[in-house]
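A short worksheet on the structure shown next.
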Amino acid sequence: MYLTSCLYVKMHATYKTIISYFCPISMQISNSEKLFEKAKQLFPGGVNSPVRAFKSVGGTPLFIKKGKGAHIWDADGNEFVDFCCSWGPLILGHANAKVLSAVNETMQNGTSFGAPTELENQLAELILQNNRFIQKIRFVSSGTEAVMSAIRLARGFSKKNKIIKFEGCYHGHSDALLVKAGSGLVTFGNSSSAGVPESIVAETISIPLNNKEAVIQAFAQNKNNVACVIIEPIPANNGLLLQDQSFLEFLRDLCNKEGSLLIFDEVISGFRVGFTGAAGLYNIQPDICTYGKIIGGGFPVGAYGASKEIMACVSPEGAVYQAGTLSGNPVAMAAGIAQLSECLKPDFYQTLAKKTTYLLDGIRAVNPLPFMKLFQMGSIFWIAFTEKDKIQSAEDIDADSMKYYRGLYHRLLENGVYLGPSGYEVGFVGEAHTYEDLDKTIQAFKISLTSLV
Ligand SMILES: *Cc1c(COP(=O)(O)O)cnc(C)c1O
């Protein structure tokens, strides 16, 4: 059995129409195929998180058996340089020796107590002593939980109800945040999932990114009832939609003026673009920050943090209830401590950004497609097929252009490079990627892109 990817790629109208057939792709994936057949009987769509199902690139998802450093191996023994990195958490790469030894050592003394442990103090101190934007923190078990709790905290603190979010930002799958924009600029939203009641949708206003006018209108239509504005300050879940610094500053000023809280959802950007995330990069003080992904060293950890005053509202100190059986889990804390300690070493982030620039410049140099663009922020990158030089909102992305990614995706797999299986996803460079890995990746892009033309 072969991974077959029969599709033709039709260039943008402005370019000459070239058709390329490439099937079958000669890579053995029969074990993944068998495992996926089984998984489909066990899980909805065969997966435990939707994007893993390869729906947007087509074909069979690869079942991963092993990872070491920047490399992963699938169930058929195919090896890839990995730029998905578990969707961001693995900034040190797979099976990092320091993380593994911390986890091993901690596990020997038990895996969970439901009582406080010193490891929670240690991870919290490591973070708080190196992050001037938050004074207290609460650990939870996922990014979704962190954001959901932050929203409740914002409502509890402000005693207001509405939340303003942006189209093209992802904040996890809690009800209040599965809301997309309606037809007008600031009309009532629609839920982006079945099962979210209208009454909940009505409390969320979803507006375009990088659009000051829309924010002003949303505040005007919900006078004195906006609890918070939540944004991914570096939106990286729907392409990489880099915002103008002035837009983020505008949100800060407006929230101050209106008595609303500004939440930076730094589940991706936190500990990724710098230890203090986007808040540090742009030097903007949010009222609440949410974290996830990197914070747990590859284990399920999320967190939210704020000033002492705001955090005093959280139970048992305050009236905003939030709890978790496995919150602050010692094994996960140990992994987080080991990983974040590495991130604090001098030049850690500069080195990652430099490697990422090297990779992208290398790809640009071999890229024959004038409308393939590469966007970068630190060690985050995004491949887009567009004529535009800047993409700052979800509306700027041409859904039809995703067919190019689909074509490229399978050629890259065949040439030993694993990216997130959707053109809306970003890629991550980590400490484990060597220049040899990057050169190999550039070569793989060269072969793959050339074969598309
Ligand atoms: C991944 C992500 C989430 C959700 O985190 P989970 O751990 O998947 O629940 C929330 N916000 C942002 C910005 C994310 O990137």
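Each ligand, and each atom within it, is numbered from 1 in the order the structure gives.
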Exercise. What atoms in ligand 1 come closer than 4.0 Å to a heavy atom of S142?
Worked result: 7 (O), 9 (O)
Exercise. Do the side-chain N and O atoms of H171 and N237 include a donor-acceptor pair separated by under 3.5 angstrom?
Worked result: no
Only pairs under 3.5 Å count here: list side-chain donor-acceptor contacts from residues 88-107, not counting sequence neighbours, and write none if there are none.
{"unit_1": "H94", "atom_1": "NE2", "unit_2": "D82", "atom_2": "OD2", "d": "2.7"}
{"unit_1": "N96", "atom_1": "OD1", "unit_2": "K98", "atom_2": "N", "d": "3.0"}
{"unit_1": "N96", "atom_1": "OD1", "unit_2": "V99", "atom_2": "N", "d": "3.1"}
{"unit_1": "N104", "atom_1": "ND2", "unit_2": "L100", "atom_2": "O", "d": "3.4"}
{"unit_1": "T106", "atom_1": "OG1", "unit_2": "A102", "atom_2": "O", "d": "2.7"}

For this session: Determine yes or no for a side-chain-to-main-chain donor-acceptor pair under 3.5 angstrom, with K162 supplying the side chain and A202 the backbone.
Result: yes
Exercise. Short N/O distance, under 3.5 Å, between Y170 and ligand 1?
Worked result: yes
Seminar exercise, completed: re atom 4 (C) of ligand 1, the protein heavy-atom contact at minimum distance is T144 N, 3.6 Å
Problem set entry | Location of contacts on K293 toward ligand 1, heavy atoms closer than 4.0 Å | side chain
Exercise. How close does the nearest protein non-hydrogen atom get to atom 3 (C) of ligand 1, and which residue and atom is it?
Worked result: V267 CG1, 3.8 Å
Exercise. Any idea which atoms of ligand 1 are less than 4.0 Å away from a heavy-atom of G143?
Worked result: 4 (C), 5 (O), 6 (P), 7 (O), 9 (O)
Problem set entry | Test of proximity, V147 against ligand 1: N or O pairs below 3.5 Å | no
Exercise. Can we say D389 and K373 salt-bridge, meaning some charged N sits less than 4.0 Å from an Asp/Glu carboxylate O?
Worked result: yes
For this session: Examine D265 against ligand 1 and note whether any of their N/O atoms are separated by less than 3.5 Å.
Result: yes
Exercise. Taking the side chain from R138 and the backbone from A303, do they hold a donor-acceptor pair closer than 3.5 Å?
Worked result: no
Problem set entry | Short side-chain donor-acceptor distance under 3.5 Å, R272 and S379 | yes
Exercise. Which ligand 1 atoms does E232 reach within 4.0 Å, using its non-hydrogen atoms?
Worked result: 13 (C)
Problem set entry | Contacting atoms of ligand 1, where contact means under 4.0 angstrom from a heavy atom of N237 | 12 (C), 13 (C), 14 (C), 15 (O)
For this session: Using only heavy-atom distances, determine whether the side chains of R252 and N256 contain a donor-acceptor pair under 3.5 Å.
Result: yes
Exercise. Side chain, backbone, both or neither: which part of T290 has a heavy atom under 4.0 Å from ligand 1?
Worked result: neither
Seminar exercise, completed: V320 and R152 have their tightest heavy-atom pair at CG1-CG, 3.6 Å
